[in-house]
There are 2 protein chains.
Amino acid sequence: MATVKDVARLAGVSTATVSRALANPEIVSPSTREKVEKAALDVGYSPNGLARSLRKSESKTIVVVLPNIDSTFFSDVVHGIEALAHKHGYKLLIGDTGNESSRIGSYFELFESKLVDGVLSLSSDIPESMIINAQGEIKLPIVIAGEYFSDIAVPTVHIDNNYSAKKGVEYLIMMGHHKIACITGKIENPVFNARTNGYKETMKKWKLPITESYILESDLSFISGYNLGRQLLSLKNPPSAIVCHSDEAAIGVLKIAREMQVAVPSELSVIGFDNLALSEYCVPELTTIHQPRQLIGETSMKLLLDILSGKKPNPEMTLPTQLIVRESSCPPPIDQRLQVDL
Amino acid sequence: MATVKDVARLAGVSTATVSRALANPEIVSPSTREKVEKAALDVGYSPNGLARSLRKSESKTIVVVLPNIDSTFFSDVVHGIEALAHKHGYKLLIGDTGNESSRIGSYFELFESKLVDGVLSLSSDIPESMIINAQGEIKLPIVIAGEYFSDIAVPTVHIDNNYSAKKGVEYLIMMGHHKIACITGKIENPVFNARTNGYKETMKKWKLPITESYILESDLSFISGYNLGRQLLSLKNPPSAIVCHSDEAAIGVLKIAREMQVAVPSELSVIGFDNLALSEYCVPELTTIHQPRQLIGETSMKLLLDILSGKKPNPEMTLPTQLIVRESSCPPPIDQRLQVDL
DNA sequence: CTGAAAGCGCTTACAG
DNA sequence: CTGAAAGCGCTTACAG
C-alpha cells in the first residue's frame, strides 16, 4: 500500500506537505496542491486511518451498546443513531451484549483502548463503576438511551416510562376495566421497573387492588406473551384487560386469546407498547403506546456529538409518547364494568 | 493514560518485556511476569489498540455491509455474525447503506484505510470494481451473504433462491392454483431476480400463463404488500394465490384481504418468505419459506474467518430452506381449480 | 507556504 | 529470558 512517503517522493515535496495538501488544501499553494493530488491518485494512496487516529488521539468511532440487535425496537434506534453518526463522519461499532450484562464491560473498555471516542448505551443497567471514577466524575463520553438513576447526572435520553405506562392503564380504567393484568420485562431493568410502578400507582390511585398473580415478568417476546397470556386467562378470576410492555408480547397474548376463544376486544382488551410497524398489521390491530424510536437514536447521538465537541450537553431529555388507540381495546363486558366516580 | 513506558518504569524492565509479559506470559520468567502484571495494575494500564493495530497491521475488526438495519431479516443475520465474531475477538462495524448503493463504497474503503480486516456484505448488488482489481483478482478479504454472479469465484453464502421460490409456487399448483401472482423485491437485486425467475420457470413448466399484471416489484414492506395486494385483488381477474418474497409483504396482503373481505385461505392463498417469528403470530398464521438467518450469518463469518487466517475457503455455500405450511394456504375454490395431470 | 524532526504507543526481529 | 532499537504511517508544533 502506498503511504504519504510514496506520494511525497512522486510529488517532490515533504510528507508534511502531502499531509497538509490532503487535509487542508487551502493552506498550501495551488501548484503544490495539484502536484500532490495527482501523485496521490497515481500511486493509489489511501490514508492509514489507524496511524491518523493514533496521532490525533481520536478514532471517529463510537460503540453502540445494545442488549439485543434482534429486537426491532433496538434496530430502529440504531438506525436513528447511524443516520446522524454517518453525517458527522463517525463510524459505529456494534456492542451487542446478547442480554448478558457481563459483556457490557468489554465494550466500555474500547474507550480506554482508544478504539472508540465514546459510548452510546441502549442498555440502562450499567454498573456505576463503569461510568464514574473514584472522584465521582463521569470518566468517558457517554449517553444513555433509557432510564438511569444515579447521583451523577449522566446524560440520558428517554421517554417518561412511568407516565406512559400510566396513560395506558388509565385509559382502560376510564372505560370501566378494573381487572387489569400487566406483562412486563425484567424488573431489575429500570425501564420496566418504571413502567410497572406506573401500573401500580395508577391502580392504587383508583383504589383498585394490586393482585400479584396479575403482574408477570418476562423477556417480552412473542412466545412469552403467548405463554403468560395463557397463564392469565386460565386464572379462576381472569383479567378483562392486559397491558403488555412490548408489542411482541401483546401479539403473543392476541394469539393465545384466539386459541382459547376469548374474543378481543369484547371479552379481553390488550394494549402493547412501542408501536412497532407490525402492531398495525396484526388482528385485531393493536392499541399501543407509541415510542419515537428513531428520534431516540438521533437525539442520543446528537447529545454524544455535543459532548465529543466539548459542549455541555443537556443532562436529560425526555421525548414524548402517545397512546394509539386501535382495535384491541374497548370497555369490558357490562357485568365486569367498574363504575368510576369522576 | 498509562502506557507501556509507565509500566516498564514501575516494574523496572524494558517496554519490550512489558509487551511480552502481557501478550505471551509464558515466554518471560515467572518473577518478571509477576512484577509486570502488578505494575500494569498499579498504573491502571490499558493497551492502546490503535498503536497495536498499526504495528501489527490488523484491526481485528470487520465491517458488515447491510442494506437496512431496520429489517428483522438482516438483524437476525447480524446476530449470527456477531456471535461468532465475538468469540474470535473480532469487532463489528456497522455498514448500513440505507438502501442506497452509493454508500457501499465508503465501507469498502475502510479496508484500504486499515480500519477493518475484511468485509462481510449482506448487500449483493456490489459493483465488481470494488471487489476485483485490474488483474481480475479479489482484492480484499470478503464474503457475500446472498447471490453474486461473477466470473470470479467470490466466496458466497446463500440459499437457493430460485429453487426456494419454485417450491412455494409448485406447492400452490399442486393444490390446483393457476392464477398465482407474485410480489417481489427490486428486480435488479440478484436475490429477487432469482426468486422471480423461479416463479416464472415454474409457471412455464406447468404450462401456466405468465401475466405481467401478476408480477409486482416493491420494497417488500408491510405497506407495499398492503397496497400491491389491493391492486391485485382489484384486478378484473384477481389471483387465487399470491406468493410474496417477504413475510412483511405477505402480512400486508393479509390485511388488505381482510379489509376487502376476501377470505384467506378459502378465497385467497398467501405465501410469505423468510419465516420471521411474527409469521407464526399473524392471522391466519402464514405459510412461508424458512430461511436459516442466523446460520447464514454464522456461516458467512466462518468463511471470512477462514480467509483471514489464510485458509482457502469454500467458494460457495448453499444453505437449506424449507416450506412451512401454516394456515394461509389451501386449494382454491372448486370452480377455480386446475386439473393437473401428474 | 514549506521542510526537518519529533512523537503518538505499540511490537518484534536482532543480539546477547 | 531480556534490552536497545527500529519502525508501523501519520500529523503538527517549530523554524524558516
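On a predicted model such as this, the values are computed, not experimentally measured, just so you know. Below, chains carry the letters A, B, ... as their sequence lines are ordered, and counting in each starts from 1.
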task: Check whether more than 12 heavy atoms from other residues, nucleotides or ligands sit under 6.0 Å from atom NZ of A/Lys302, and answer yes or no.
output: no
- prompt: Just by distance, do the side chain of B/Asp117 and the backbone of B/Lys60 share a donor-acceptor pair under 3.5 Å?
  reply: yes
query: In which ranges does DNA chain C form stems of 3 or more consecutive Watson-Crick or G-U pairs, distances under 3.5 Å?
result: C:1-3 with D:14-16, C:5-12 with D:5-12, C:14-16 with D:1-3
message: Output the rounded distance in Å from CG (A/Leu22) to C1' (D/dC10).
response: 12 Å
- line: DNA chain D nearest-nucleotide lookup for A/Met1 and B/Ser29: closer to the 5′ end is B/Ser29
Extract from the structure each pairing of a protein N or O with an N or O of nucleotides 14-16 of chain D at less than 3.5 Å, listing the distance.
none

query: What integer distance in Å separates B/Lys35:NZ from D/dC1:P?
result: 14 Å
- prompt: For the residue pair B/Lys91 and A/Leu115, what are the closest heavy atoms and their distance?
  reply: CE-CD2, 3.9 Å
- request: Provide, to the nearest angstrom, the distance between the CG atom belonging to B/Asp6 and the P atom belonging to C/dC10.
  value: 9 Å
field: Gap in Å between the two C1' atoms, one belonging to D/dT12 and one to D/dG16, rounded
entry: 16 Å
message: Distance check needed: D/dC10 P versus A/Asn24 CG, whole Å only.
response: 16 Å
query: Taking the side chain of B/Val13 as its heavy atoms from C-beta onward, which of D/dC1, C/dG3, D/dG3 lies nearest to it?
result: D/dG3
- prompt: Would you say A/Ser19 reaches D/dT12's phosphate, i.e. side-chain N/O to OP1/OP2 under 4.0 Å?
  reply: no
- prompt: Atom CD of A/Glu26 and atom P of C/dC1: how far apart are they, to the nearest Å?
  reply: 10 Å
field: side-chain contact (heavy atoms from CB on, under 4.5 Å) partner of B/Ile62, chosen from B/Leu93, B/Ile142, B/Leu304, B/Leu305
entry: B/Leu304
Distance-only polar pair, side chains of A/Glu109 and B/Ser46, donor-acceptor under 3.5 Å: no
- prompt: Which heavy atom in A/Phe108 sits nearest to a heavy atom in A/Ile131, and how many Å separate them?
  reply: CE2-CG1, 4.2 Å
message: Is it true that A/Ser75 and B/Asp70 share a donor-acceptor pair across their side chains at a distance under 3.5 Å?
response: no
- prompt: Given atom CD1 of A/Ile27 and atom P of C/dC1, what is their separation to the nearest angstrom?
  reply: 8 Å
What are the atom names and distances for every N/O pair under 3.5 Å that joins the protein to nucleotides 5-8 of chain D?
unit_1	atom_1	unit_2	atom_2	d
D/dG7	N2	B/Arg55	NH1	3.4

- prompt: Counting any heavy atom closer than 4.0 Å, what does A/Thr32 reach on the DNA or RNA strands: base, sugar-phosphate only, or nothing?
  reply: sugar-phosphate
field: Gap between atoms CZ and P, on B/Arg52 and D/dG9 respectively (whole Å)
entry: 18 Å
message: Taking CG in A/Asp151 as the centre, count heavy atoms belonging to other residues, nucleotides or ligands within less than 6.0 Å. Is the count above 12?
response: no
- prompt: Under the 3.5 angstrom rule, does the side chain of A/Thr156 hit a backbone N or O of A/Val154 as a donor-acceptor pair?
  reply: yes
A/Glu316 CD: over 12 foreign heavy atoms closer than 6.0 Å: yes
field: Side chain of B/Ser14 (C-beta onward), nearest among D/dG3, C/dT12, C/dG3
entry: D/dG3
field: Shortest non-hydrogen separation from B/Gly80 to B/Glu298 and the atoms involved
entry: O-CG, 3.4 Å
- line: Smallest heavy-atom separation, B/Thr318 atom then B/Ile159 atom, equals CG2-C, 4.0 Å
